[in-house]
Amino acid sequence: MKLGLRGVPAFVIGNDVIEGFDPNRIKSLLDYFLINCPSCKARMRVPKNKGKIKVTCSKCSEKFQLDTNK
Ligand SMILES: [Zn+2]
């Protein structure tokens, strides 16, 4: 309600609001998880189960390695 959505199911995953039921969209969002940049604490979404990946922060350009299999 506070998001102004009425009458349809709505999901909030991370920063994304999904109106209605769209399993493919939801699944694609659930294949990701949110992390905080170790430098500027910006939230960003990274894929799951991709092993060790290199992430570059879109805000501060910090580069770091992340184990996405956890
Ligand atoms: Zn950053």
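For ligands, and for the atoms within them, numbers begin at 1 and follow the listed sequence.
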Open item on the list: Using the rule that Ile, Leu, Val, Met, Phe, Trp and Tyr join whenever any side-chain heavy atoms are under 4.5 Å apart, tell me whether Tyr32 and Ile53 fall into a single cluster.
Closed with: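 No.
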
Task: From Asp31 atom CG to Lys48 atom NZ, the distance as rounded to the nearest 0.5 Å - done: 7.0 Å

- [ ] Supply the atom-to-atom distance Arg43 CZ to Lys59 NZ, rounded to the nearest 0.5 angstrom.
- [x] 11.5 Å

Task: 2.8 Å shell around the Zn ion (ligand 1), exclusive bound, protein N/O/S atoms - done: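 The number of such protein atoms is 4.
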
TODO: Kindly determine whether Val46 and Leu66 satisfy side-chain contact (heavy atoms from CB on, under 4.5 Å), including the steps that lead there.
DONE: CA-CA 9 Å; Val46 294; Leu66 185 74; 3.6 Å; yes

Task: Contact summary for Lys63 and Thr56, nearest pair of heavy atoms - done: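 In terms of heavy atoms, the two residues are closest at CG-OG1, 3.6 Å.
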
Open item on the list: Is there a side-chain contact between Met44 and Cys57 in this structure, where contact means two heavy atoms from C-beta onward sitting under 4.5 Å apart?
Closed with: yes

